[in-house]
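Report on the following structure.
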Amino acid sequence: MTSTQKSPTPSLPWVQVLDTQDMDHHALSQKGWALHYEQLSSGQFKGRIHQVQLPEVTLLREDTNIALRQRGRLDNSVYGFAMALKDSSDLFFNGQRVPENAIMCGKGDVVDMTTPDNFTLIAVVVERDLLNPLWERMYQKPLAHWLEKQLVLQTSGVKAKILRDLQITVLDQASALANRQHDPQALRQLRDEILMEWIEALPSQVDMHELPTLERRKKLVDKACELMLGHTDEPLSILEVCSHLGTSRRKLNYSFQDVLGTTPVKYLRALRLNGVRRGLRDAAKGVMVQDVAAHWGFWHLGQFAQDYKRLFGELPSSTLRHP
């Protein structure tokens, strides 16, 4: 892990550039936000956070090398606008598959995103107190009510390219200004420039007629995950999960594919393996691999060790020895 950062001061901008090799440390290092990550694809995690705090706005670029599910919250008083630096068919936001040249946006009280391998996210997070008057000046009407939801909105290829290029440029320029004797006016100009570009890239009309269906599907997946994680030592079969939820196996499978891009069986196994990894890292002296594995419902240790190594790139015994 390497880090270059300026200590936050309430009245001053700050910059954080952090290279990480630990998924949990990476999630916790994003200042001011409460995030939790689960590893979904094989490999040893590598990530980078480039975060710049300006007055009432945070600029972000996040690079990760493996597929993840990112959940948590930013803050009730902020709104977020985000986009993939390079489009992927395996990106999901709040249960919605993200198409090319799309913006993920909404209130910051909930974050739920599934990202692919070798992914770069660019984002801006803005305080309501800044966004609301700016929106009214630009459009002569109150802040759009649909921003209270988490939505995927289409923009044009031209606007998406302009936005992506400008975000990277402004992020670097703001970092340079904030890391030295900064010019407050110059920082505000950069802030306003990138914020207005994000707003201008949004579509003029937003159709939410499919949102209730998407929300019901995601609610079903969330309930299934909660149920499955409630029986870690004796994992429920998919048929038992379906019986508890009063749904069919086909519907559950379709819902998982639509919301997370995977099957219930694969996702549950990944969650349990992530749980084992955290348990091994936090294990007290004398705790053995089989103890933690059994807690998460892995009884066939040979197969478990193979699956663990396939996902994390090391044997469980290595994780236990090197917390």
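Index from 1, following the sequence. None of these values were measured; they are calculated from a predicted model.
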Ion pair [X]/[Y], N-O distance below 4.0 Å:
{"X": "Asp282", "Y": "Arg278", "answer": "no"}
{"X": "Asp22", "Y": "Arg281", "answer": "yes"}
{"X": "Arg216", "Y": "Glu210", "answer": "no"}
{"X": "Lys159", "Y": "Glu197", "answer": "no"}
{"X": "Arg73", "Y": "Asp75", "answer": "no"}
{"X": "Lys46", "Y": "Asp63", "answer": "no"}
{"X": "Asp258", "Y": "Arg217", "answer": "yes"}
{"X": "Asp222", "Y": "Lys218", "answer": "yes"}

What's the spacing between [X] [atom1] and [Y] [atom2] if we round to 0.5 Å?
{"X": "Met104", "Y": "Leu153", "atom1": "CE", "atom2": "CG", "value": "11.0 Å"}
{"X": "Thr20", "Y": "Glu62", "atom1": "OG1", "atom2": "CD", "value": "8.5 Å"}
{"X": "Ile162", "Y": "Glu200", "atom1": "CD1", "atom2": "CD", "value": "11.0 Å"}
{"X": "Arg272", "Y": "Asp307", "atom1": "CZ", "atom2": "CG", "value": "9.5 Å"}
{"X": "Arg97", "Y": "Ser88", "atom1": "CZ", "atom2": "OG", "value": "9.0 Å"}
{"X": "Arg269", "Y": "Leu40", "atom1": "CZ", "atom2": "CG", "value": "14.5 Å"}

Margin query: Please check if the number of heavy atoms outside Glu234 that lie under 6.0 Å from its CD is greater than 12.
Written below: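 Atom CD in Glu234 is not packed in, count stays at 12 or less.
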Next item on the list: Check whether more than 12 heavy atoms from other residues, nucleotides or ligands sit under 6.0 Å from atom CE of Met138, and answer yes or no.
Entry: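 Enclosed: over 12 neighbouring heavy atoms sit under 6.0 Å from CE of Met138.
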Assigning hydrophobic clusters by single linkage (Ile, Leu, Val, Met, Phe, Trp, Tyr; side-chain heavy-atom cutoff under 4.5 Å), is [X] placed with [Y]?
{"X": "Tyr254", "Y": "Leu245", "value": "no"}
{"X": "Val206", "Y": "Leu214", "value": "no"}
{"X": "Tyr267", "Y": "Phe92", "value": "no"}
{"X": "Ile122", "Y": "Met196", "value": "yes"}
{"X": "Val111", "Y": "Leu28", "value": "no"}

Hey, does [Y] have a side-chain heavy atom less than 4.5 Å from the side chain of [X]?
{"X": "Gln39", "Y": "Leu311", "value": "yes"}
{"X": "Glu56", "Y": "Arg191", "value": "yes"}
{"X": "Ile103", "Y": "Val152", "value": "no"}
{"X": "Val289", "Y": "Leu280", "value": "yes"}
{"X": "Val57", "Y": "Glu127", "value": "no"}
{"X": "Lys107", "Y": "Gln150", "value": "yes"}
{"X": "Lys31", "Y": "Gln16", "value": "yes"}
{"X": "Leu59", "Y": "Gln51", "value": "no"}

Can any side-chain N or O of [X] pair as donor or acceptor with the backbone N or O of [Y] at less than 3.5 Å?
{"X": "Gln140", "Y": "Arg137", "value": "yes"}
{"X": "Asn274", "Y": "Ala270", "value": "yes"}
{"X": "Ser77", "Y": "Arg128", "value": "no"}
{"X": "Gln154", "Y": "Glu100", "value": "yes"}
{"X": "Ser243", "Y": "Leu239", "value": "no"}
{"X": "Asp87", "Y": "Asn101", "value": "yes"}
{"X": "His25", "Y": "Gln21", "value": "no"}

What are the two closest heavy atoms between [X] and [Y], and how far apart are they?
{"X": "Leu301", "Y": "Ala293", "result": "CD2-CB, 4.1 Å"}
{"X": "Phe45", "Y": "Met23", "result": "CD2-N, 3.5 Å"}
{"X": "Ala224", "Y": "Phe256", "result": "CB-CE1, 3.9 Å"}
{"X": "Ser29", "Y": "Ile49", "result": "CB-CD1, 4.1 Å"}
{"X": "Trp299", "Y": "Ala294", "result": "CZ3-CB, 3.5 Å"}
{"X": "Val52", "Y": "Ser175", "result": "CG2-OG, 3.1 Å"}

Next item on the list: Decide yes or no on side chain to side chain contact (heavy atoms under 4.5 Å, CB included) for Leu163 and Ile194, but give the supporting numbers first.
Entry: CA-CA 8 Å; Leu163 186 53; Ile194 188 61; 4.2 Å; yes
Next item on the list: Mind running side chain to side chain contact (heavy atoms under 4.5 Å, CB included) on Thr58 and Trp33 for me, showing each step along the way?
Entry: CA-CA 11 Å; Thr58 305; Trp33 303 339; 3.9 Å; yes
Next item on the list: With side chain to side chain contact (heavy atoms under 4.5 Å, CB included) as the test, would you mind laying out the steps for His244 and Val241 before giving the verdict?
Entry: CA-CA 5 Å; His244 277 85; Val241 171; 5.8 Å; no
Next item on the list: May I ask you to establish whether Arg69 and Tyr37 are in a cation-pi arrangement, using a distance under 6.0 Å from NZ or CZ to the six-membered ring centre and at most 45° from the ring axis?
Entry: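 Relative to the ring axis of Tyr37, which defines the angle, Arg69 lies outside at least one limit.
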Checklist line | Cation-pi, Trp135 ring and Lys141 (6.0 angstrom, 45 degrees) | finding: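 Negative - Lys141 is either too far from the ring of Trp135 or too far off its axis.
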Item checked: Side chains of Ser41 and Asp117, donor plus acceptor under 3.5 Å ->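 Yes, side-chain donor-acceptor contact under 3.5 Å.
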Next item on the list: Evaluate salt bridge (Lys or Arg N to Asp or Glu O under 4.0 Å) for Arg188 paired with Asp192, printing each intermediate quantity in order.
Entry: CA-CA 6 Å; Arg188 283 196 297 270; Asp192 293 348; over 6 Å; no
Next item on the list: May I have the step-by-step check of side chain to side chain contact (heavy atoms under 4.5 Å, CB included) for Glu193 and Leu166, ending in yes or no?
Entry: CA-CA 9 Å; Glu193 180 183 9; Leu166 183 62; 3.6 Å; yes
Check: Do you know which of Arg277, Glu314, Gln303 makes side chain to side chain donor-acceptor pair (under 3.5 Å) with Tyr308?
Finding: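 Between Tyr308 and the candidates, side chain to side chain donor-acceptor pair (under 3.5 Å) is satisfied uniquely by Arg277.
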Item checked: For Gln167, side chain to side chain donor-acceptor pair (under 3.5 Å) partners two or more places apart ->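 If we apply the side chain to side chain donor-acceptor pair (under 3.5 Å) test to Gln167, skipping adjacent residues, the hits are Trp198.
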